[in-house]
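Report on the following structure.
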Amino acid sequence: MSRSPAGPLVTVDGLQVEIAGSRILQGVAFDVPATGVTALMGRNGVGKTTTVRAILGVLPEGGLITGGRIAFDGDDITREAPHATVRRGIGYAPEDRGVFGSLTVAENLTLAERRGAGRPAYDLVHDLFPDLRERARQRAGTLSGGQQQMLALARTLLNDNRLIVADEPTKGLAPRVVRQVAEALRRAARAVPMLLVEQNLAVIRELAQHAVVLDNGRVVHAGSAAELLADRELTTTLLGVGRAAGTPRHGLAAEEDTPA
């Protein structure tokens with residue numbers, strides 16, 4: 001389907017966004033390559049979630065793109081409706097998980113099936129998240145936070161997407177669940193590029209090839225994720241963490257590697 005596999009899949013150029021009259025993004029510009037994982041990084045409140053919501057066309061009420069351009073595989077999607085963006089093959093796992101709590105796990109997955117997108121990948125979803133098969137008839141609102149995150153990711157993996165956008169997929173999860181979610185993301189990224197908003201540097205270290213860092217609504221760094229995380233001084237300056245380069249003492253979910 002992609003017309004330009006050698007070029008970037010997503011291009012964000014000079015993006016400006018206002019929400020309720022406040023300028024949140026001030027000329028954000030970066031590319032998402034057509035392969036691998038691109039980590040969108042930065043301290044809390046610098047515009048990461050606003051950036052991905054602008055790409056997907058799901059800005060909150062009062063949100064407005066006031067400048068710049070967003071392209072997906074060369075097509076301008078700057079102000080495209082969310083349903084049209086989804087039809088292009090962009091899967092989204094939001095920060096708040098967004099599951100339908102009154103519906104069962106199975107019903108949540110059925111709703112996520114995209115017509116005309118081929119056979120839903122239930123075998124993959126159940127292989128990655130066996131809990132979802134076992135709890136198919138359970139209401140999603142009664143799942144644990146980790147199980148709800150698995151369900152949110154499963155909905156993006158069910159279809160043959162061309163890009164997965166995952167916003168803080170390991171936030172608030174226990175270390176064991178973080179490892180499970182990270183492994184699912186790793187396996188998904190073998191087949192489809194990913195834009196990953198993540199605070200846990202250990203997860204980024206494990207998954208990402210590319211890194212984009214935001215600060216005050218602007219891109220302040222873009223390049224190799226490995227090179228950024230290997231530079232203790234730069235990572236501390238950009239992200240406000242003290243142990244950027246070393247191996248976390250407590251495994252994949254180490255608190256020491258979480259930006260302030």
Side-chain angles (χ1 to χ4, degrees), residues 1-3 5 9-10 32-39 52 55-58 72-73 77 82-101 103-141 143-171 173 176-198 203 206-209 252:
M1 294 176 63
S2 177
R3 297 192 302 271
L9 182 60
V10 178
V32 177
T35 59
V37 176
T38 299
V52 298
I55 293 172
L56 292 153
V58 291
F72 182 77
D73 195 19
I77 63 167
H83 70 271
T85 302
V86 169
R87 288 174 182 166
R88 291 182 181 274
I90 302 178
Y92 178 40
E95 181 180 10
D96 61 2
R97 295 157 188 159
V99 302
F100 296 98
L103 301 182
T104 67
V105 169
E107 288 168 339
N108 270 268
L109 291 174
T110 298
L111 283 175
E113 294 180 16
R114 186 182 304 138
R115 293 181 180 179
R119 182 180 177 182
Y122 278 101
D123 288 345
L124 171 63
V125 165
H126 290 149
D127 180 42
L128 291 174
F129 304 119
D131 280 2
L132 299 184
R133 183 199 297 270
E134 297 169 4
R135 299 175 183 272
R137 296 183 179 181
Q138 183 173 335
R139 293 189 185 277
L143 297 174
S144 69
Q147 290 163 343
Q148 289 187 17
Q149 183 62 72
M150 293 175 195
L151 180 56
L153 287 172
R155 293 183 307 191
T156 71
L157 300 175
L158 199 61
N159 300 298
D160 185 19
N161 283 313
R162 300 176 61 197
L163 174 71
I164 292 176
V165 179
D167 192 355
E168 301 278 14
T170 70
K171 183 178 180 180
L173 302 183
R176 177 185 63 81
V177 182
V178 169
R179 288 190 291 271
Q180 187 174 4
V181 169
E183 179 58 25
L185 293 171
R186 184 203 310 278
R187 291 179 59 177
R190 294 171 184 166
V192 60
M194 186 177 300
L195 178 59
L196 174 66
V197 179
E198 183 56 69
V203 172
E206 290 287 328
L207 299 180
Q209 294 77 46
L252 200 57

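Side-chain atoms are counted along with the backbone in the values below, which use heavy atoms only and exclude waters and symmetry mates.
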Between CZ of Arg155 and CZ of Arg97, what distance do you get to the nearest 0.5 Å?
11.5 Å
Keeping the roles fixed (side chain from Asp167, backbone from Val197), state whether a donor-acceptor pair exists under 3.5 Å.
no
Which atoms form the tightest heavy-atom contact between Ala93 and Ala152, and what is the distance?
CB-O, 4.1 Å
Does any part of the side chain of Thr85, heavy atoms only, come nearer than 4.5 Å to the side chain of Tyr92, both counted from C-beta?
no
I want to check something: taking the side chain as every heavy atom from C-beta on, are Tyr122 and Glu113 in contact at a cut-off of under 4.5 Å?
yes
Separation between CG of Leu207 and OG1 of Thr38, rounded to the nearest 0.5 Å
12.0 Å
Answer whether the closest heavy-atom distance between the side chains of Leu163 and Leu9 falls below 4.5 Å.
yes
Got a donor-acceptor contact below 3.5 angstrom from the Asn159 side chain to the Gly91 backbone?
no
If you take all heavy atoms of Pro130 and Asp127, which pair is closest and at what distance?
CD-O, 3.8 Å
Rounded to the nearest 0.5 Å, what separation is found between the CG atom of Leu158 and the CG atom of Leu153?
12.5 Å
Tightest non-hydrogen contact, residues Pro193 and Ala34, listed as CG-O, 3.5 Å
Look at the side chain of Gln138 and the backbone N and O of Val105, then say whether any donor-acceptor pair between them is shorter than 3.5 Å.
no
Specify the closest pair of heavy atoms between Ala154 and Leu132, including all atoms of both residues, with the distance to one decimal.
CB-CD1, 3.6 Å
Shortest non-hydrogen separation from Ala121 to Leu157 and the atoms involved
CB-O, 3.8 Å
Pair Asp73 + Arg162, salt bridge at N-O below 4.0 Å
yes
To the nearest 0.5 Å, what is the distance between CZ on Arg186 and CZ on Arg179?
12.5 Å
Taking the side chain as every heavy atom from C-beta outward, state whether Leu185 and Met194 have any pair of such atoms under 4.5 Å apart.
yes
Any Ile77 side-chain heavy atom under 4.5 Å of Arg88 side chain
yes
Is there a side-chain contact between Val165 and Ile55 (heavy atoms, below 4.5 Å)?
no
Does any part of the side chain of Gln180, heavy atoms only, come nearer than 4.5 Å to the side chain of Phe129, both counted from C-beta?
yes
Between Pro169 and Glu198 the two heavy atoms that sit nearest each other are CD-OE1, 3.5 Å
With rounding to the nearest 0.5 angstrom, report the CD1 to CG distance, Ile164 to Leu195.
11.0 Å
Say you draw a straight line from CZ of Arg187 to CG of Leu124; how long is it, rounded to the nearest 0.5 Å?
6.0 Å
For a 4.5 angstrom cut-off between non-hydrogen side-chain atoms, does Leu151 reach Leu109?
yes
